[in-house]
Amino acid sequence: PGQKTPAQAITKPAGPGHWRDSWHSLGIADGLPDPTITDIAQDSAGALWFATFGGGVARHTGQEITVYQQGLGSNKITAVLQGRDGAMWFGAEADPAEGKGLSSLIDGVITTYSAADGLPSGYVRKIAEDINGDLWLATPVGLCRFDGQRFTLFTTADGLVNNDVFHLSINSQGGVWAATRGGLSYYDGYHFANYTTADGLQNLSIESIVLDGDDRPWVGTHNGTAH
């Protein structure tokens, strides 16, 4: 599945940036294609990948910046992840009519997935990979799993607490935590367990989630954090 396009990137020397106190900043003058950075990932070679909201994806090696735009479903990139096979994955906010919200880059080829391939939403907010190598996507219409061939959508009909998923995280056992507009869900591969204000959360709208070294979830809400 997916539409394949040879990657046509533009590589330029990275600018020096500028220092302010102890912070070193990079901007458009230094080679970034857009000033709004929505996500950052480091690949296995040590390079940093910047998801930009309007300029595509930029890979920064320290000496050069390489910008990828052509072939992506949208240049409004919202998530970036390197899979265990080395592929780079990009979530995007794409045109709803086309739904091209997910792209991969591997071996010089960009593959973009759309509604025609079964992708349920053109807006992929976050990407994570489980212990089996499957991808999990946070979307406004539910929690989605992609096994490389097929997209499977989980919604409130399957037990998810709310379909508007903002963020997600996967624990060491492969369980998936989904942060939603209506609380927190945990999927163990068979069933959903849901947590809301009735269970002690101080706010239902959960924007982010991270797991600590003991696999305990920490969540960011509109009213502080909880764990």
Side-chain angles (χ1 to χ4, degrees), residues 22-25 36-53 57 59-60 77-91 102 123-140 142-147 152-156 158-227:
S22 59
W23 290 92
H24 183 219
S25 300
T36 303
I37 308 299
T38 56
D39 199 12
I40 304 172
Q42 187 173 39
D43 66 24
S44 56
L48 294 175
W49 291 76
F50 299 103
T52 80
F53 200 70
V57 184
R59 182 177 188 264
H60 181 41
I77 306 300
T78 50
V80 58
L81 170 83
Q82 183 175 43
R84 63 184 64 189
D85 62 355
M88 297 302 303
W89 290 91
F90 314 116
L102 181 68
Y123 187 7
V124 175
R125 292 169 167 152
K126 188 68 177 177
I127 308 171
E129 185 180 38
D130 68 19
I131 58 177
N132 297 315
D134 292 346
L135 296 181
W136 290 82
L137 316 175
T139 83
L143 179 65
C144 181
R145 181 177 63 201
F146 181 49
D147 64 6
T152 302
L153 181 66
F154 297 88
T155 69
T156 53
D158 304 293
L160 186 68
V161 69
N162 186 280
N163 289 336
D164 200 357
V165 183
F166 277 97
H167 207 274
L168 57 86
S169 190
I170 299 176
N171 68 19
S172 60
Q173 304 301 312
V176 183
W177 288 93
T180 82
R181 180 78 73 178
L184 184 66
S185 285
Y186 176 71
Y187 182 64
D188 64 2
Y190 302 96
H191 307 97
F192 281 96
N194 296 323
Y195 305 88
T196 67
T197 50
D199 302 293
L201 290 177
Q202 68 268 52
N203 193 280
L204 286 177
S205 189
I206 302 177
E207 298 285 339
S208 59
I209 181 169
V210 67
L211 303 181
D212 65 19
D214 295 319
D215 268 349
R216 295 176 302 185
W218 288 75
V219 298
T221 80
H222 284 190
N223 188 30
T225 184
H227 72 100

Taking NZ, NE, NH1 and NH2 as the nitrogens, is one of them in D43 or R59 under 4.0 Å from a carboxylate oxygen of the other?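 Yes, this pair counts.
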
Please determine if D164 and R125 form a salt bridge, counting it only when a charged side-chain N lies under 4.0 Å from a carboxylate O.
yes

Do [X] and [Y] have side chains that get closer than 4.5 Å, going by heavy atoms?
X	Y	answer
H227	P217	no
I40	I37	yes
L102	W89	yes
Y187	W177	no
L184	I209	yes
R181	F166	yes
T221	N223	yes
L135	L81	yes

Report task. Could you tell me whether Y186 and F192 have their ring centroids closer than 6.0 angstrom? Result ->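 Between F192 and Y186, which both carry aromatic rings, the centre distance is not below 6.0 Å.
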
Which pair of non-hydrogen atoms, one from [X] and one from [Y], has the smallest distance, and what is that distance?
X	Y	answer
A79	A51	N-CB, 4.4 Å
R84	I131	NH1-O, 3.1 Å
V165	A138	CG1-CB, 3.6 Å
I206	G183	CD1-C, 3.6 Å

[Y] backbone acceptor or donor facing [X] side chain under 3.5 Å:
X	Y	result
N132	D134	no
T78	G91	yes
Q202	T225	yes
T38	I77	yes
R145	L137	no
N203	S205	yes
D130	I170	no

- [ ] Mark yes when over 12 heavy atoms from residues, nucleotides or ligands other than H24 sit less than 6.0 Å from its NE2; otherwise mark no.
- [x] yes

Once rounded to the nearest 0.5 Å, what's the spacing between atom [atom1] of [X] and atom [atom2] of [Y]?
X	Y	atom1	atom2	value
K126	H167	NZ	NE2	4.0 Å
L160	L153	CG	CG	8.5 Å
F146	I127	CZ	CD1	11.0 Å
N171	D212	CG	CG	11.0 Å

**OP:** Assess the side chains of H222 and E207: does a donor N or O sit below 3.5 Å from an acceptor N or O?
**Re:** yes

Answer with yes or no whether the side chains of S185 and N194 bring together a donor and an acceptor at under 3.5 Å. yes

Notebook entry, point to check: When you look at Q42 and W49, which way does the side-chain contact (heavy atoms from CB on, under 4.5 Å) test go after all the steps?
Noted result: CA-CA 6 Å; Q42 187 173 39; W49 291 76; over 6 Å; no

